[in-house]
There are 2 protein chains.
Amino acid sequence: MKLNIKDIAKLSGCSVSTVSRVLNQHPYVSEEKKERILKVIAEHDYAPNSQARDLQSGESKTIGVIVPAISLIYFDQIINGILENAFEKGYMVTLLPSNYDKAKEKYYFTQLKNKRFDGIIVTSRVHEMAEIEKFTKYGTIVCCEDTGDYLVSGVYVDRLAAYNQVFAELKAQGKNKIALTLGRSQLISNSARLTFEAYQKNFGPLNPDYLVDNCYDGPGGIIAGDYFSQLKDVPEVVFTNNDETAVAIFQVFQRKGLTVQVIGQSNMYVSEAMGISTIDLQLSEIGRLAFDLVCTKEYQKICLKSEYIKR
Amino acid sequence: MKLNIKDIAKLSGCSVSTVSRVLNQHPYVSEEKKERILKVIAEHDYAPNSQARDLQSGESKTIGVIVPAISLIYFDQIINGILENAFEKGYMVTLLPSNYDKAKEKYYFTQLKNKRFDGIIVTSRVHEMAEIEKFTKYGTIVCCEDTGDYLVSGVYVDRLAAYNQVFAELKAQGKNKIALTLGRSQLISNSARLTFEAYQKNFGPLNPDYLVDNCYDGPGGIIAGDYFSQLKDVPEVVFTNNDETAVAIFQVFQRKGLTVQVIGQSNMYVSEAMGISTIDLQLSEIGRLAFDLVCTKEYQKICLKSEYIKR
DNA sequence: GTGAAAGCGCTAACAT
DNA sequence: ATGTTAGCGCTTTCAC
């Protein structure tokens with residue numbers, strides 16, 4: 001037998017508005033009634049229906065987070081940052097797995113229009129930024145990347161600076177056989193584009209043999225490692241797109257007795273354990289700030305500094 | 001200017017119920033009106049408000065998943081199983097981080113009563129099962145563990161069988177210096193208890209020097225590895241509670257030139273890459289099935305078989 | 001085939 | 001300080 005606020009009112013002999021007042025801790029309720037109502041509520045184990053509250057307030061205290069796939073540890077850190085912040089502010093976080101499927105992604109933006117979410121954080125995307133800009137009229141959207149000239153909030157790290165620092169140092173050390181791994185190719189991924197830019201600035205055009213695409217994790221790293229080690233001209237350094245990949249490649253080389261420097265990205269625990277250099281991408285801080293923006297509905301672009309951690 | 005169903009009715013010159021009918025694809029609407037309404041909807045970029053729908057239907061098509069902390073890869077696999085299944089069935093998944101804080105956990109069960117979720121999946125918990133049983137009157141609850149005699153649905157893997165197999169084989173191989181790592185101590189964690197049970201059955205009482213508690217991940221493994229390798233009597237085998245820990249311990253030993261067999265749990269990619277034996281805990285399948293139960297609101301206990309993967 | 005109207009459970013403006 | 005009532009936007013009988 002599910003009770004509603006009306007029942008509580010009846011049971012405690014007062015009006016719904018009085019009950020609502022004590023529920024929401026509004027002033028102007030006599031101690032006597034207050035206690036009586038509280039007692040009835042406790043006795044009958046009543047809890048206000050949040051769907052009705054949401055409808056009434058027009059908010060849901062819920063935000064959606066678009067992720068390509070949760071299993072990539074990269075996103076875990078961002079999610080953690082979001083989660084911590086959201087909990088403190090009394091928000092709930094709904095995970096929106098896209099698998100980089102455009103239809104799914106669009107569906108989630110539609111749900112924003114439906115008011116299922118107060119806002120959406122995009123950790124990675126397949127839609128064009130111009131399209132996402134259009135969705136902002138349905139609600140707050142914050143992307144975890146540089147949103148350029150588009151009117152979309154963004155929180156990101158200055159990757160280019162770190163990439164340039166890494167490549168410049170390698171060059172100064174006299175290295176010049178530098179291989180790269182990327183996630184999605186430079187055609188669609190912003191970070192891939194920046195990697196290229198920094199590489200070319202320091203070393204000129206890249207030897208296509210020294211590039212492996214679609215490297216997202218450990219298994220991808222194995223493939224890349226096997227490939228690089230079979231080249232006639234084995235690279236001196238492999239600059240990877242994340243720590244999981246870096247570790248896997250490192251192990252392949254180690255097993256084959258090759259001495260190749262591997263550099264990761266994200267500063268995950270695993271790279272620390274293996275003593276692999278990495279770039280701290282401040283993922284959890286990005287999540288934290290992105291939530292701040294989505295929560296306050298502010299339009300803003302925030303750029304954090306990344307740090308090259310040499311090991 | 002936010003339109004509602006009433007506006008659409010007015011704009012297309014028919015009643016709200018007719019609009020509602022086409023929205024929900026009910027029959028008995030003339031083709032002519034249907035088209036007209038659809039056109040108006042498209043032109044004005046209208047989308048029905050899901051909060052109102054939820055209130056009306058009494059459902060939210062959302063389930064909550066209690067996790068101690070997302071960063072533990074262990075839970076990623078369960079979450080992935082849940083997410084895939086949920087998406088297929090048109091449900092949303094809200095992450096409920098508990099950090100094993102009892103107050104937080106309780107708060108989430110309260111939200112179930114509030115009807116914010118249609119159900120909750122508990123991946124790990126701090127509440128007693130008896131208490132959780134009481135919460136089931138607020139909605140469906142499914143735990144990812146053996147719920148024993150309590151009237152709470154559970155999906156889990158037969159760990160004891162696998163643990164027994166492992167210890168029996170080690171014994172047959174003549175090993176007897178077996179160390180253990182655990183997550184939460186055997187006082188509160190079910191899997192810790194089972195590990196103990198299987199160990200004792202095969203080897204009798206455990207030498208307390210051969211036990212390390214509170215090992216959740218890589219960092220924990222490092223500590224354990226350092227500890228074990230400093231013992232006068234270094235163990236021959238370390239049976240760990242998860243693959244991340246196993247890998248970390250393995251590396252510590254390797255670095256110190258010690259030959260110690262390490263066994264993990266979860267069958268994560270990392271153990272495969274390192275060639276470490278492990279127990280496949282079927283985590284993603286557990287997530288998948290748990291969602292099935294929560295979705296159909298069935299009360300059921302499902303036990304899966306775990307597999308010892310020797311490498 | 002279509003429409004009027006009664007809720008779903010709550011909040012808040014308005015009256016007293 | 002307390003009660004009455006009009007919505008929030010939608011679905012769903014129940015008439016016609």
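Naming convention: chains lettered A, B, ... in sequence-line order (proteins, then strands); numbering from 1 in each chain.
With respect to B/Asp54, the salt bridge (Lys or Arg N to Asp or Glu O under 4.0 Å) criterion is satisfied by exactly one of A/Lys115, A/Arg53, A/Arg116: A/Arg116.
Of the residues in residues 34-64 of chain B, those with a non-hydrogen atom less than 4.0 angstrom from any atom of DNA chain C are B/Leu55, B/Gln56. Proximity of residues 6-32 of chain B to DNA chain C (heavy atom under 4.0 angstrom from any strand atom) is restricted to B/Cys14, B/Ser15, B/Val16, B/Ser17, B/Thr18, B/Arg21, B/Tyr28, B/Val29, B/Ser30.
Checking side-chain atoms of B/Thr147 against main-chain N and O of B/Val152 turns up a donor-acceptor pair under 3.5 Å. Between the side chain of B/Glu84 and the backbone N or O of B/Arg288 there is no donor-acceptor pair closer than 3.5 Å.
A salt bridge does not link A/Glu35 to A/Lys39: none of the charged nitrogens lies less than 4.0 Å from a carboxylate oxygen. For A/Asp292 and A/Lys89, the salt-bridge test passes: some basic side-chain N is under 4.0 Å from an acidic carboxylate O.
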Show your reasoning for whether side chain to side chain contact (heavy atoms under 4.5 Å, CB included) applies to B/Glu131 and B/Lys102. CA-CA 11 Å; B/Glu131 300 174 286; B/Lys102 192 157 181 179; 3.1 Å; yes
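From the 5' end on, the contacts that DNA chain D makes with chain A at under 4.0 Å to a non-hydrogen atom open and close at D/dA1 to D/dG9.
Between A/Phe135 and A/Phe109, the angle of the ring planes stays under 30°, which puts this pair in the parallel group of the 30/60° scheme.
Side chains of B/Thr94 and B/Thr62: a donor-acceptor N/O pair is absent below 3.5 angstrom, by distance only. Donor-acceptor pairing under 3.5 Å is recorded for the side chains of B/Ser60 and B/Asp118.
For A/Lys104, the NZ atom counts as densely surrounded, since its 6.0 Å shell holds more than 12 non-hydrogen atoms of other residues, nucleotides or ligands.
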